[in-house]
There are 2 protein chains.
Amino acid sequence: MSSSRPRRTHDTDARPSRGIPEATVARLPVYLRALTALSERGIATASSEELARAAGVNSAKLRKDLSYLGSYGTRGVGYDVEYLRYQIAREIGLTQDWPVIIVGIGNLGHALANYSGFVSRGFGIVGLLDADPAKVGERVGDHVVRAYSELEDVVREYNVSIGIIATPASAAQEVCDRMVAAGITSVLNFAPVVLNVPPGVDVRKVDLSTELQILAYHEQRKALSARLTKVDGVPAERSSVAP
Amino acid sequence: MSSSRPRRTHDTDARPSRGIPEATVARLPVYLRALTALSERGIATASSEELARAAGVNSAKLRKDLSYLGSYGTRGVGYDVEYLRYQIAREIGLTQDWPVIIVGIGNLGHALANYSGFVSRGFGIVGLLDADPAKVGERVGDHVVRAYSELEDVVREYNVSIGIIATPASAAQEVCDRMVAAGITSVLNFAPVVLNVPPGVDVRKVDLSTELQILAYHEQRKALSARLTKVDGVPAERSSVAP
DNA sequence: TAGATTGTTAATCGATTAACAATC
DNA sequence: TAGATTGTTAATCGATTAACAATC
């Protein structure tokens, strides 16, 4: 993809904040959470082995991941929990607070609006919007639901770049288009549709029934191999015995 | 990992239902949804190109994915929407209904209990459980919240193998342990903790603030490259000019 | 110094993609 | 038959893992 783009031949920057692999980026929040948990338990230093256990990964992967950020550990000792926590938070961009809006204040929107995890992790809800006039004015958590028509005003007022879509599937694309037109460049989508966005806009999808379906696939296979084990005594592996 | 395990040398089974790559399994639900949408629009046949567009992937990937299931298309023509839909549903295991329970009926539990997407996609909620006596007996959607202590009863009665955890982080591991002890072998976890489970139990995690943090990371980088573009005119790419 | 643990290398594995022969 | 499109091959890319030299 970018193979035709020339590599930089000299780089005076000791900490390459560029080029962190996506798989690593997706794990940084997990490490951050593990470090916060260790910190709350009063633990000042942790080895890659301990940290990895807390994060549910193996230590080789953790060390490789952290190496993309820089050298924040001490050989023979481990990592300073607070220091590493700060470095990861800075890398992700959580040393600032991100204003977010939620569009669609149904059951899920309610749950998201009340979710304390957002605020505690560097995000601030600055607007709840719904197209249903019956919902406008309703109090949800610390907020009052505003009219969907005020989307542009809210985005401008708070300089919002992250939007959450919690509408029915039928409305999601139009909400997304309007968010993007208003200047939002990152979208977290809970509606079960594939959103089309212009280049430069990031979309992440949380799909509840997809997750269950993936589990169902594996359940089915467990049931299948259990049945085959009973029949011909071959565990786990599917056998192909000619009749 | 399994490189020491002997490969089957002969396989009389035309459709290898084994060995579908995880990345493919994770996309099958997306294809299923795209096919359902096409079906509802009255479209009987679709090419890999059309299907791929509806699913938000490229057509090479879609064809490769489908090839793991078998040869369900017709060269020169495309795929029969209904037929392919059925084949994918069967592969995932959605030709049967999966009973699920939800533990933790807070805001999120409410939202999940009311989410129609579960039922319409092959899952049936057979129990809502909460440890808070004040919540027991409460009506949520079609269900009445039962006491957490009844977990084993519900799992046995409905032969439940999939459990959803929507409790606070502090309770999640103990709920998970109890689910597993009761016979559940697949867990969908909404609590922001890493769950420890014995081998043979699958866990999938939906982590709301992790998703936002990943978006924040990319937002930060967009803001950074925009600023650098203004300063020295190098777009997108971070430059490392000596001062 | 001896012991411990990081940061990095290199091998391996799995996923993606383009291209095209097979075939409807 | 000619045109279209699948199913598969092979090349490429990115992620994971084990091993260990560097170093506290």
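Here the structure is a predicted model, which is why all the values come from computation and not from measurement. Quick note on labels: first sequence line is chain A, next is B, and so on, each numbered from 1. Because only heavy atoms are used, hydrogens play no part in the values below, and waters and symmetry mates are left out as well, while side chains stay in.
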Those residues that, when tested against Arg178(B), pass side-chain hydrogen bond (donor to acceptor under 3.5 Å, both in side chains) (two or more places apart): Glu152(B)
Contacts of type ring-ring contact (aromatic ring centres under 6.0 Å, His included), residue Tyr83(B), not counting sequence neighbours: Tyr72(B)
Residue list, side chain to side chain contact (heavy atoms under 4.5 Å, CB included) with Thr185(A), at least two apart or on another chain: Ser161(A), Glu219(B), Lys222(B)
For Ala60(A), side chain to side chain contact (heavy atoms under 4.5 Å, CB included) partners two or more places apart: Asn58(A)
Set of residues satisfying side-chain hydrogen bond (donor to acceptor under 3.5 Å, both in side chains) with respect to Thr45(B), sequence neighbours excluded: none
Pairing stems for DNA chain D [at least three consecutive pairs; Watson-Crick or G-U; under 3.5 angstrom]: C:3-24 with D:3-24
Of all pairs that satisfy side chain to side chain donor-acceptor pair (under 3.5 Å), the ones with a partner from residues 166-176 of chain B, not counting sequence neighbours: Tyr148(B)-Glu174(B), Gln173(B)-Asp177(B)
Residues in side chain to side chain contact (heavy atoms under 4.5 Å, CB included) contact with Arg63(A), at least two apart in sequence or another chain: Ser48(A), Ser59(A), Tyr79(A)
Set of side-chain hydrogen bond (donor to acceptor under 3.5 Å, both in side chains) partners for Arg33(B), sequence neighbours left out: Asp207(A), Ser209(A)
DNA chain D-proximal residues of residues 26-50 of chain B, any heavy atom under 4.0 Å: Ser47(B), Ser48(B)
Contact letters for nucleotides 18-23 of chain C, in which S counts primed atoms plus P, OP1 and OP2 and B counts the base, heavy atoms under 4.0 Å: BB-BBB
Pairing residues for Asn189(B) by the side-chain hydrogen bond (donor to acceptor under 3.5 Å, both in side chains) criterion, not counting sequence neighbours: none
